[in-house]
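Everything numeric here is computed off the predicted structure, so don't read it as measured data.
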Amino acid sequence: MIHFDSHIKSKLPGAKTTIFTQMSALANELNAINLSQGFPNFDVSPDLIELVHKAMKDGHNQYAPMQGLPELREELSEAFSRNYGLKYDANTEITITSGATQAIYAAITTVINEGDEVIVIEPAFDIYAPTIRMNGGTPRPYKLQGEDFHIKWAELRRLITRNTKLIIINTPHNPTSTVLSKKDMEELDKMTRGTDILVLSDEVYEHIIFDGLKHQSIAAFPNLAERSFIIGSFGKTFHVTGWKTGFCLAPEKLMSEFRKVHQNVVFAGNRPMQTALAAYMHNPENYMDINLMYSEKRDYFLELMKSSRFTPLPSKGTYFQLFKYDRISDEPELDFAMRMTKEYGVATIPLSYFYSDNYDNKILRFCFAKTDETLENASELLCKI
Ligand code: GLN
């Protein structure tokens, strides 16, 4: 009989199943409208589906190369150079991963060792801190300021110690829907210049940015790019989160180390999807205007919610919209989110989940990557609260 408790030292004591899985399960169980976990509920392009069929029928069913399919890496290289002005070498500086989560895991594991510190900007996507800890590192949280969730760089800078190894940025930002400006990127450049601090730039929502704002990719800042991993997601751009296909870009020195980790985590990503995505991505018209589609959804959702007692916060990118509910209740976010799912039939995510101190400001995150019908039905319920 193995004594599991004494034999197995938990890598993540106290960790629970993520809120996304919990809330989606609760929504399914109660037949509630699920605006919690971020995923689109509308159809994927039939052309893209057809390309997957074709890839499978054509026999592209065995392992992809460890680095990812060359055609797809070429497409990414072209797209980044066209969109942001920096050419990543498809052979040595781009790797296709099993989703952005795996790419983030591999990037953090590549550079973080015992005793290293990582600056994490909160509210933060939930996988950064546990991954840092699993590698013996320590997250150093910085709280975004004000209702527009901005960075005060002079304050953030104070978190730097001689152990600071990495800073993680995320733009457009999940969960707040804010975006970093050119000025922010220049501040990041100034702050890291002359140091050994690396940057992990989570850009999975690069194509979902609104109101004429321009996505500030690390790839538009060559000095920063030299010290950075960029993480991207086909799931977000092509409405196929279930395909778990993403990518990482980094200068050759970082990428060669990244691949050592990557090949031991998954070896390689899914082959037929990569074949299909390479063909589909070849035409930028297939994705470059998803920002318009999503900004229309955001506007429609806000219009539908106008007569509710929820107060919207600005959403500049991603497919999330924050609402304050302080005019409705003073319950903590998690309690209110649970009650709203059970009693009113709409599931959301409490913002407090994304803070290491569970900072509670009566704000919920709603995913609007949904059909008009879903948004109409959800807001009808929400307007009754
Ligand atoms: N990125 C999505 C979200 O924020 C889903 C994450 C997940 O389920 N792991 O909701």
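- The number of heavy atoms from other shown groups lying within 6.0 Å of CZ (Arg327) is above 12.
- Looking at every heavy atom in both residues, Val52 comes nearest to Trp243 through CG2-CH2, 3.4 Å.
- Side-chain N/O atoms of Glu203 and Ser201 include a donor and acceptor closer than 3.5 Å.
- Side-chain contact, Arg73 with Ser77: no donor N or O sits under 3.5 Å from an acceptor N or O.
- Closest heavy-atom contact between Ile290 and Thr237: CD1-O, 3.7 Å.
- In terms of heavy-atom proximity, Gln321 sits nearest to Ser315 at OE1-CB, 3.3 Å.
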Could you go step by step and tell me if Gln216 and Thr171 meet the side-chain hydrogen bond (donor to acceptor under 3.5 Å, both in side chains) rule?
CA-CA 8 Å; Gln216 301 296 331; Thr171 186; over 6 Å; no

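- Residue Asp58 places its CG atom among more than 12 non-hydrogen atoms of other residues, nucleotides or ligands, all under 6.0 Å distant.
- For the residue pair Cys248 and Ile231, the shortest heavy atom distance occurs at SG-CD1, 4.0 Å.
- The CD1 atom of Ile119 lies 14.5 Å from the OH atom of Tyr128; values are rounded to the nearest 0.5 Å.
- When side chains are defined from C-beta on, Pro70 counts as touching Pro65, because their heavy atoms get closer than 4.5 Å.
- Here Glu117 contributes atom CD and Arg140 contributes atom CZ; the two are 4.0 Å apart, rounded to the nearest 0.5 Å.
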Full working for salt bridge (charged side-chain N to carboxylate O under 4.0 Å, His left out) between Asp126 and Lys16:
CA-CA 11 Å; Asp126 66 334; Lys16 300 193 190 94; over 6 Å; no

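- Side-chain contact annotation: Asn377 with Thr374, donor-acceptor N/O pair under 3.5 Å absent.
- The shortest distance between side-chain heavy atoms of Phe80 and Ile94 does not fall below 4.5 Å.
- Checked against the 6.0 Å centroid threshold, Tyr319 and Phe301 do not count as a close aromatic pair.
- Under 3.5 Å, the side chains of Gln102 and His262 contain a donor-acceptor pair of N or O atoms.
- Geometrically, Lys236 does not engage Phe39 in a cation-pi contact, judged by NZ or CZ lying under 6.0 Å from the ring centre and within 45° of the ring axis.
- Note on Met340: it clusters hydrophobically with Leu381, by side-chain heavy-atom contacts below 4.5 Å among ILVMFWY residues.
- The side-chain heavy atoms of Leu156 and Met191, taken from C-beta on, include a pair separated by under 4.5 Å.
- Put simply, CD on Glu29 and CG on Asn31 are 10.5 Å apart, with the number rounded to the nearest 0.5 Å.
- Remark: of the listed residues Thr95, Asp89, Thr92, Thr95 is the sole one forming a side-chain contact (heavy atoms from CB on, under 4.5 Å) with Met255.
- Atom CD of Glu333 and atom OH of Tyr359 lie 9.5 Å apart (nearest 0.5 Å).
- With Asp116 contributing its side chain and Asn113 its backbone, the two residues share a donor-acceptor pair below 3.5 Å.
- Using a 4.5 Å heavy-atom threshold, the side chains of Leu364 and Ile349 count as separate.
- In His150, the NE2 atom is crowded: over 12 heavy atoms of neighbouring residues, nucleotides or ligands sit closer than 6.0 Å.
- Checked for salt-bridge contact, Lys362 and Glu331 miss the test: no charged N lies under 4.0 Å from a carboxylate O.
- Atom CG of Asp196 is surrounded by 12 or fewer heavy atoms from other residues, nucleotides or ligands within 6.0 Å.
- Of the residues Met281, Met273, His239, the one that meets the side-chain contact (heavy atoms from CB on, under 4.5 Å) test with Phe234 is Met281.
- What you find for Ile33 and Ala378 is that their closest heavy atoms are CD1-N, 3.5 Å.
- Counting heavy atoms from C-beta outward, Met56 and Asn61 have side chains that approach closer than 4.5 Å.
- Glu257 and Thr110 share no side-chain donor-acceptor pair at under 3.5 Å.
- Considering CZ of Phe320 and OG of Ser36, their distance stands at 9.5 Å, rounded to 0.5 Å.
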Worked check of salt bridge (charged side-chain N to carboxylate O under 4.0 Å, His left out) between Arg158 and Glu155:
CA-CA 5 Å; Arg158 285 190 213 123; Glu155 286 176 14; 5.1 Å; no

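- The 12-atom threshold is not exceeded at NZ of Lys253, counting heavy atoms of other residues, nucleotides or ligands nearer than 6.0 Å.
- Annotation: side chain of Lys324 is in contact with side chain of Asn361 (closest heavy-atom distance under 4.5 Å).
- When every heavy atom of Thr97 is checked against every heavy atom of Gly99, the shortest pair comes out as OG1-O, 2.8 Å.
- The residue from Asn174, Thr176, Thr318 that alone fulfils the side-chain hydrogen bond (donor to acceptor under 3.5 Å, both in side chains) condition with Arg365 is Asn174.
- Classification of the Phe267-Tyr63 ring pair by plane angle, with boundaries at 30° and 60°, yields perpendicular.
- Side chain of Arg227 to main chain of Ile197: a donor-acceptor pair is present (N/O by atom type, distance under 3.5 Å, no hydrogens or angles).
- No side-chain heavy atom of Leu382 sits under 4.5 Å from any side-chain heavy atom of Tyr344.
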Worked verdict on Met185 versus Leu180 for side-chain contact (heavy atoms from CB on, under 4.5 Å)
CA-CA 7 Å; Met185 301 304 276; Leu180 292 180; 4.0 Å; yes

Checking salt bridge (charged side-chain N to carboxylate O under 4.0 Å, His left out) for the pair Glu186/Lys183: CA distance, chi angles, key distance, verdict?
CA-CA 5 Å; Glu186 287 164 359; Lys183 179 101 186 13; over 6 Å; no

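- With 3.5 Å as the limit, one finds no donor-acceptor pair spanning the side chains of Glu206 and Ser217.
- Each of Phe310, Phe366, Phe336 was scored for a ring-ring contact (aromatic ring centres under 6.0 Å, His included) with Tyr325, with one residue passing: Phe336.
- The aromatic ring centroids of His207 and Tyr294 lie 6.0 Å or more from each other.
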Leu322 and Phe149: side-chain contact (heavy atoms from CB on, under 4.5 Å), yes or no, with the steps?
CA-CA 11 Å; Leu322 298 181; Phe149 297 96; 3.7 Å; yes

Audit row: Thr18, Tyr353, side-chain contact (heavy atoms from CB on, under 4.5 Å) steps and yes/no
CA-CA 9 Å; Thr18 80; Tyr353 176 73; 3.6 Å; yes

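- A heavy-atom distance below 4.5 Å is not found between the side chains of Asn83 and His215.
- One finds the OH atom of Tyr88 at 3.5 Å from the CD1 atom of Ile230 (value rounded to the nearest 0.5 Å).
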